[in-house]
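All figures in this text were calculated on a predicted structure; none of them were measured in a lab. One-based numbering along the sequence shown.
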Amino acid sequence: MSVPCLVSAAARSFSLPSPAAGLLCWRLLGSNSATRTRRSVSSKRQMDHLERTASNFRQNALYPAQVCGIVNESETVKRLRIAVHPDFVFKAGQWVDFFIPGVEKVGGFSMCSSPGLLQREGVIELAVKYTKHPPAHWVHTMCTVGSRVAMRVGGDFFFNPSPSDPSVDLLLVAGGVGINPLYSILLHTRDLLRISQATGFRSYNIGSAHLCYSAKNTQELLFKNSVIETCKEFPDKFSCNFHITQQSTEVDPLLEPFVKSGRITEEELKAHVDPQRTLCYLCGPPPMIEAISKILMDFGFSKDRILFEKWW
């Protein structure tokens with residue numbers, strides 16, 4: 001379902017709830033003491049989104065927005081198409097504080113669209129998995145086309161190269177709905193390649209990108225068809241492996257060449273990285289991120305080349 005993506009005047013004036021909770025994460029490989037402190041706090045009670053991301057960058061502006069499309073991305077995930085204010089900007093990989101009128105808790109959802117889509121159409125997209133957490137529950141049970149919200153961009157987890165930057169390769173590792181910010185980065189990289197192709201010269205020094213994406217089964221692999229199309233459009237630049245851990249049915253023949261049974265392996269990672277030129281972006285459950293980070297550091301990666309967000 002969708003309507004023309006224009007932010008109405010009505011969407012510019014509604015009262016915001018008091019900020020209180022959310023569902024996102026925190027970001028980079030930090031010191032052990034910081035990690036221990038955060039774990040100690042979270043072991044006593046669940047930290048909310050605003051608290052967990054308090055040290056992250058946030059824009060000052062809070063912008064009104066309006067839902068103009070809703071799609072069932074999977075049985076448990078809804079993708080929202082949201083018309084935003086003309087001044088709204090973000091970098092591929094960032095998230096938004098998501099304010100809902102009448103809902104006290106504040107959500108935290110990563111963009112799953114590219115900055116290019118925002119420039120072209122004035123919209124962003126969010127893919128939200130069903131949970132009982134109030135913002136996600138609202139998305140799945142009460143949100144309709146025309147619903148008004150407000151959003152503020154934040155996050156230090158992004159890929160935003162400039163034309164003068166040296167070429168880098170990307171390793172993108174996703175678990176479950178952790179695909180959202182990585183899909184945004186993948187789409188942004190594709191958009192930059194298209195710009196270079198259209199202008200006839202290399203506007204951006206884009207290297208290769210390999211996506212390792214793990215989910216229980218192929219039904220829970222979000223955006224899989226679009227990812228495959230991107231790999232086929234730029235076969236010398238993009239590659240992907242979908243890892244499924246609990247598949248009970250036959251794999252679709254169209255997906256089969258890209259699907260591997262079992263978890264992401266050390267061998268696969270090693271085949272697609274170079275500690276000197278690869279930037280690694282990881283997003284998924286904490287145990288997965290910690291295990292992948294350790295493997296990459298064993299390969300010789302410095303901490304500043306491993307960026308991650310943990311979904312709690």
Side-chain angles (χ1 to χ4, degrees), residues 24-30 35 77 91-95 110-112 114 127 129 155-161 168-190 206-218 220-224 226-228 230-231 237-247 255 258-312:
L24 200 84
C25 51
W26 58 285
R27 78 130 183 136
L28 193 63
L29 277 166
T35 302
V77 175
K91 298 171 184 176
Q94 289 186 305
W95 39 257
S110 291
M111 266 71 70
C112 64
S114 70
K129 186 168 185 175
D156 306 299
F157 181 85
F158 58 81
F159 180 59
N160 186 45
V168 295
D169 295 334
L170 301 179
L171 173 70
L172 310 175
V173 180
V177 290
I179 186 63
N180 286 344
L182 304 185
Y183 184 58
S184 175
I185 290 171
L186 186 71
L187 293 179
H188 183 49
T189 307
R190 184 198 64 186
I206 301 299
S208 65
H210 180 72
L211 170 67
C212 303
Y213 179 14
S214 178
K216 290 181 180 179
N217 53 58
T218 54
E220 294 193 16
L221 291 168
L222 307 182
F223 321 121
K224 52 186 175 287
S226 174
V227 170
I228 290 172
T230 298
C231 291
K237 293 291 187 179
F238 293 111
S239 58
C240 70
N241 283 328
F242 299 129
H243 291 259
I244 52 175
T245 57
Q246 299 179 31
Q247 183 84 5
L255 294 177
F258 302 91
V259 171
K260 292 180 178 290
S261 180
R263 300 182 184 278
I264 298 166
T265 65
E266 182 174 336
E267 290 72 24
E268 178 184 351
L269 295 172
K270 193 166 189 177
H272 291 280
V273 297
D274 177 345
Q276 302 306 314
R277 60 173 286 114
T278 305
L279 279 178
C280 305
Y281 289 86
L282 322 177
C283 190
M288 172 186 175
I289 297 309
E290 289 164 6
I292 298 294
S293 296
K294 183 181 184 305
I295 291 171
L296 293 172
M297 285 189 288
D298 288 344
F299 289 165
F301 276 87
S302 58
K303 289 184 176 181
D304 63 353
R305 299 191 77 84
I306 305 172
L307 296 95
F308 67 76
E309 287 195 325
K310 296 179 179 180
W311 290 81
W312 297 81

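Listed by chain and number, the residues in a side chain to side chain contact (heavy atoms under 4.5 Å, CB included) with Ala92 are Pro115, Ser184, Ile185, His188 (sequence neighbours excluded). Residues forming a salt bridge (Lys or Arg N to Asp or Glu O under 4.0 Å) with Lys294 (at least two apart in sequence, or on another chain): Asp298.
The two residues Leu187 and Cys112 have their closest heavy-atom pair at CD1-O, 3.8 Å. Heavy atoms only, all atoms of each residue included: Tyr281 and Phe158 are closest at OH-O, 2.9 Å. The two residues Pro275 and Phe299 have their closest heavy-atom pair at CG-O, 3.4 Å. Closest heavy-atom contact between Ile244 and Gln247: CD1-CB, 3.4 Å. Heavy-atom minimum distance, Thr265 versus His243: N-CE1, 4.5 Å. Ala127 and Val77 get closest at one heavy-atom pair: CB-CG1, 3.8 Å.
Of the inter-residue distances, the one linking Leu269 atom CG with Cys212 atom SG reads 5.5 Å to the nearest 0.5 angstrom. Taking CZ of Phe242 as the reference point, atom CG of Leu255 lies at 7.0 Å (rounded to 0.5 Å). Taking CG from Asn241 and CD1 from Ile264, the interatomic distance works out to 9.0 Å, rounded to the nearest 0.5 Å. From Ile292, atom CD1 reaches atom CD of Glu290 across 11.5 Å, with rounding to the nearest 0.5 Å. With rounding to the nearest 0.5 angstrom, the NZ atom of Lys270 is 11.5 Å from the CD1 atom of Ile295. Going from atom NE2 of His210 over to atom SG of Cys240 covers 7.5 Å, rounded to the nearest 0.5 Å.
Ring pair Tyr183/Phe223 is parallel by interplanar angle, where below 30° counts as parallel and above 60° as perpendicular.
Counting heavy atoms from C-beta outward, Lys260 and Glu268 have side chains that approach closer than 4.5 Å. Between Gln246 and Glu220, the closest side-chain pair of non-hydrogen atoms is not below 4.5 Å. Side chains of Asn180 and Met111 form no contact here, defined as non-hydrogen atoms less than 4.5 Å apart. No side-chain heavy atom of Pro181 sits less than 4.5 Å from a side-chain heavy atom of Trp95. Tyr213 is listed as a side-chain neighbour of Leu222, based on a closest heavy-atom distance under 4.5 Å. In this structure, Leu296 and Thr278 have side chains that are not in contact, with every pair of non-hydrogen atoms separated by 4.5 Å or more. With a 4.5 Å cut-off on side-chain heavy atoms, Leu182 and Leu282 do not count as touching.
Within the 3.5 Å criterion, the main-chain N or O of Leu221 finds a donor-acceptor partner in the side chain of Lys224.
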Step by step, would you call Cys283 with Ile179 a side chain to side chain contact (heavy atoms under 4.5 Å, CB included)?
-> CA-CA 7 Å; Cys283 190; Ile179 186 63; over 6 Å; no
Hey, mind stepping through Phe157 and Phe308 against ring pair (Phe, Tyr, Trp, His ring centres under 6.0 Å) and telling me if it holds?
-> CA-CA 7 Å; Phe157 181 85; Phe308 67 76; 8.3 Å; no
Side chain to side chain contact (heavy atoms under 4.5 Å, CB included) assessment of Ser214 paired with Arg263 | CA-CA 7 Å; Ser214 178; Arg263 300 182 184 278; 5.6 Å; no
Check: residues 168-178 side-chain donor-acceptor pairs under 3.5 Å, at least two apart:
| residue | atom | partner | partner atom | Å |
| --- | --- | --- | --- | --- |
| Asp169 | OD1 | Ser208 | N | 2.9 |
| Asp169 | OD1 | Ser208 | OG | 3.3 |
| Asp169 | OD1 | Arg277 | NH2 | 3.1 |
| Asp169 | OD2 | Arg277 | NE | 2.7 |

